[in-house]
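Keep in mind that what you see is a predicted model, and the values were worked out from it rather than measured. Nothing fancy with the numbering, it's 1 onward along the sequence.
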Amino acid sequence: MRYLLLFVSVFSFSQQTKWVDFTSVLGKIEINAIDKSVYGEVTYTFDLIKPIDTIKIDAQNIDFTNLKVNNIEVKYSNNKKQILLFEGYKLGKNQLTFNYLARPKQALYFVGKGEQLQIWTQGQGKYTSNWFPSFDDPNEKLIFNLDIKFNNQFQVVSNGKLDNKIISQDNTIWNYRMKKPMSSYLLMLAIGKFEIKQEKSESGKSLFYYIEKEDFSKLEPTYRYSKTIFDFFEKEIGIKYPWEVYKQVPVRDFLYAGMENTSATVFSRDFVVDSIGINDKNYVNVNAHELAHQWFGDLITAKSGEHHWLQEGFATYYALLAEKAVFGDDYFYKKLYDTSLQLRNASKTDSIPILSERASTLSYYQKGAWVLFVLREELGSKIFQQAVKNYLNKYSFKNVTTDDFLNEIKKISKYDCEAFRKKWLENPGFDYDYAIQLVSKNKSVKTLLDIKRMKSIPYNEKRDLFEKIMVSEVYFPIKEEIIYQCEKVPFEEKQQLLKSALATNEIKLRQAIANTTPKVSPEFKLDFETLINDNSYITKEIVLSTYWSQFPEEQQRILTISKDWIGFNDKNLRILWLTLALGTKEYQMEDKVKFYDELLSYCNPEFETSIRQNALENLLFINDKDKNVLSNLVNSTTSYRWQFSKFGKDKIRLLLKNPNIRTYLEQLLPNLGKDENAVLSKILSEKATN
């Protein structure tokens with residue numbers, strides 16, 4: 001019955017898009033950060049092409065007033081999932097107006113308070129209708145315009161071009177306008193205290209980079225290569241960027257890496273990095289992926305989940321092409337090789353092909369990218385590029401299927417699209433041998449594979465070759481493979497190899513040494529300590545932890561060296577330092593309480609979940625019976641960010657293996673909020689019955 005209802009719902013919306021054409025909407029909205037609500041005055045324009053009994057607009061738990069069609073108040077129904085219109089409309093042009101009030105439980109998120117307040121949306125899928133009455137069906141495309149009223153101390157970002165700002169004593173109304181249609185799931189807003197940098201692409205498009213005021217020094221490393229990627233895509237794709245402007249804004253505790261809202265990408269603050277952090281992780285791939293979606297997903301949109309790879313596969317592949325332009329061929333082929341391993345392993349158990357709305361994320365993204373790589377290799381770059389260009393031109397601002405794309409290939413080539421479709425799109429398997437044949441055309445990948453095949457050979461038989469490679473100019477992952485392959489080789493046998501590796505000053509290679517040295521021999525102690533000065537927060541964390549645990553006599557000295565370290569936005573180095581300082585005998589005894597209180601403070605909801613989780617992990621290691629820590633752990637289970645909520649629940653279940661912890665948690669129940677109490681009670685009950 002459930003599937004029948006789903007079919008009827010999809011069918012009815014399909015009929016509506018054929019007979020009713022919603023063309024534009026103006027939403028005048030006001031956000032209330034105190035009660036977390038949205039008030040709006042909305043005007044929709046639509047053309048009725050054929051008589052229809054009912055017109056539906058999705059609206060999740062939204063209240064409506066003053067609903068009029070063509071300026072006449074009409075009857076309507078609100079089932080808390082949709083508003084249904086029965087009267088007042090006519091063939092031809094119509095206007096629908098209404099006021100609404102929403103208190104969304106998802107899709108619109110309020111993070112932080114006061115100066116740290118941020119408000120942002122995530123509409124991927126069918127969620128925008130939680131905060132703005134719209135259309136869950138991606139096939140309904142229309143022009144969105146928003147007037148957003150909010151406190152004038154904050155920046156407000158939305159889709160399209162900022163047409164005007166109306167500033168009063170306390171508030172500003174931000175008028176954002178678009179000229180082209182899009183699907184509702186791509187509607188966005190982001191509010192916060194941001195600084196902005198603007199630059200122009202080669203084609204003259206305005207690129208806006210937002211960042212929090214406290215992170216302004218990180219703007220350049222965070223957005224490095226942004227203009228390069230933008231300019232590359234316009235040339236590679238052959239179609240100019242389809243929107244008026246492009247904005248990017250990082251927000252706290254975002255649910256995913258990024259989201260390609262039309263003309264305005266939102267991404268996780270985890271990718272905001274400084275000049276050291278960029279050596280460990282960067283925004284380049286996510287940056288390119290979300291920008292590619294402006295063509296593949298926003299300009300053209302898949303008609304249904306079955307064709308979702310047309311969005312994610314294309315965005316993943318074109319992001320790799322952009323990285324190739326930035327980092328070179330070796331990087332590109334190594335990434336393809338890495339994903340081929342993932343796809344080979346997944347194909348052993350994954351029986352769902354890419355052409356299915358039940359396909360895995362790995363299939364949509366990575367296999368989708370591989371499909372396009374294979375296609376380009378077999379077609380040749382020129383035919384592939386022309387087919388993509390024709391496909392985008394023909395279906396701009398429309399919805400597409402896989403056949404729409406393949407048909408454009410058929411028009412300009414004799415390529416066997418049916419055989420391709422059957423092997424790569426309808427078959428759940430992955431031809432790993434053929435994949436290796438393709439990536440082995442790259443000399444560095446071929447050399448890497450040759451080295452991997454030597455894994456079972458005794459070290460003394462490959463020492464000379466490995467030492468020769470280590471001082472050569474080969475691509476650094478080849479040298480990394482050598483270091484990992486030699487992990488269990490006694491130090492005295494690989495001493496010269498390690499010294500040569502350290503001398504390269506290659507950050508990732510030196511990090512591999514840190515990762516593969518759980519036990520530091522006395523002869524290697526001084527060399528190992530040099531790693532602590534590397535421009536890598538990951539390497540610093542590994543070395544600080546390893547050095548502190550293996551050389552007790554050096555603990556106070558190493559803590560003094562690292563006392564001002566902070567690390568990534570998750571404060572990985574600061575939290576580790578506090579933990580080690582608390583565990584070091586006779587180290588700043590007068591400050592132990594202060595250290596513990598600081599560590600405990602990072603568990604509070606005022607901090608991002610990455611910081612809270614990091615602090616909770618360490619505090620539970622120090623003292624898993626501290627009720628303040630346990631209270632914060634329980635609070636994590638109610639987080640909207642499912643990753644953090646899962647962490648909290650899993651950790652509580654693990655702690656309950658200790659009967660004493662159950663008592664401590666039960667004692668918390670009377671003082672917990674309603675939601676926290678419900679989650680903890682359920683977990684306690686679950687444990688008791690198992």
Taking NZ, NE, NH1 and NH2 as the nitrogens, is one of them in Arg224 or Glu220 under 4.0 Å from a carboxylate oxygen of the other?
-> yes
Can you sort out the partners of Glu617 under salt bridge (charged side-chain N to carboxylate O under 4.0 Å, His left out), two or more places apart, ordered by chain and number?
-> Lys651
Stepwise side chain to side chain donor-acceptor pair (under 3.5 Å) check, Ser636 with Gln613 = CA-CA 8 Å; Ser636 73; Gln613 182 169 328; over 6 Å; no
About how many Å separate CG of Leu600 and CG of Leu578, when rounded to the nearest 0.5 Å?
-> 11.5 Å
Partner set under ring pair (Phe, Tyr, Trp, His ring centres under 6.0 Å) for Phe208, not counting sequence neighbours | none
Measure the spacing between CG of Asp280 and OH of Tyr537 and express it to the nearest 0.5 Å.
-> 9.0 Å
Within the side chain of Asp215, is there an N or O that forms a donor-acceptor pair under 3.5 Å with the backbone of Ile211?
-> no
Sorted by chain and number, sequence neighbours left out, ring pair (Phe, Tyr, Trp, His ring centres under 6.0 Å) with Tyr364 holds for His308
Look at Arg252 together with Glu214 and state whether they make a salt bridge at an N to O cut-off of under 4.0 Å.
-> yes
Verify side-chain contact (heavy atoms from CB on, under 4.5 Å) between Asn287 and Gln248, making sure each step is shown before the conclusion.
-> CA-CA 9 Å; Asn287 186 341; Gln248 298 176 81; 3.2 Å; yes
Phe528: what forms a ring pair (Phe, Tyr, Trp, His ring centres under 6.0 Å) with it, not counting sequence neighbours?
-> none
Are any side-chain N or O atoms of Asp274 and backbone N or O atoms of Pro221, one a donor and one an acceptor, separated by less than 3.5 Å?
-> no
Would you confirm whether Lys247, through its side chain, and Ser158, through its main-chain N or O, come within 3.5 Å as a donor-acceptor pair?
-> yes
Between Phe154 and Phe150, how do the two ring planes meet: parallel, tilted or perpendicular, split at 30° and 60°?
-> perpendicular
Pairing of Glu115 and Lys193 as salt bridge, 4.0 angstrom limit | yes
Looking at Arg557 and Glu529, does any basic side-chain N land under 4.0 Å from a carboxylate oxygen?
-> yes
Does atom CD of Gln169 have more than 12 heavy-atom neighbours, drawn from other residues, nucleotides or ligands, at distances under 6.0 Å?
-> no
For the residue pair Tyr283 and Phe271, does the interplanar ring angle fall in the parallel (under 30°), tilted (30 to 60°) or perpendicular (over 60°) class?
-> tilted
For Phe595, ring pair (Phe, Tyr, Trp, His ring centres under 6.0 Å) partners two or more places apart | Trp577
Can you say whether the rings of Phe647 and Phe644 are parallel (under 30°), tilted (30 to 60°) or perpendicular (over 60°)?
-> parallel
Does Arg269 pair with Glu608 as a salt bridge, N-O distance under 4.0 Å?
-> yes
For residues 105-113, run the donor-acceptor check on the side chains, cut-off 3.5 Å, and write out each pair with its distance to 0.1 Å, sequence neighbours left out.
{"unit_1": "Tyr109", "atom_1": "OH", "unit_2": "Ala107", "atom_2": "N", "d": "3.3"}

Ignoring hydrogens and geometry, is there a side-chain-to-backbone donor-acceptor pair from Asp534 to Gln511 under 3.5 Å?
-> no
Does a salt bridge link Arg653 with Asp650, judged by any charged N lying under 4.0 Å from a carboxylate O?
-> yes
For a side chain to side chain contact (heavy atoms under 4.5 Å, CB included) with Arg510, tell me which candidate from Asn505, Leu498, Thr539 qualifies.
-> Asn505
State whether Tyr223 and Lys197 meet the cation-pi test: NZ (Lys) or CZ (Arg) under 6.0 Å from the six-membered ring centroid, and within 45° of the perpendicular axis.
-> no
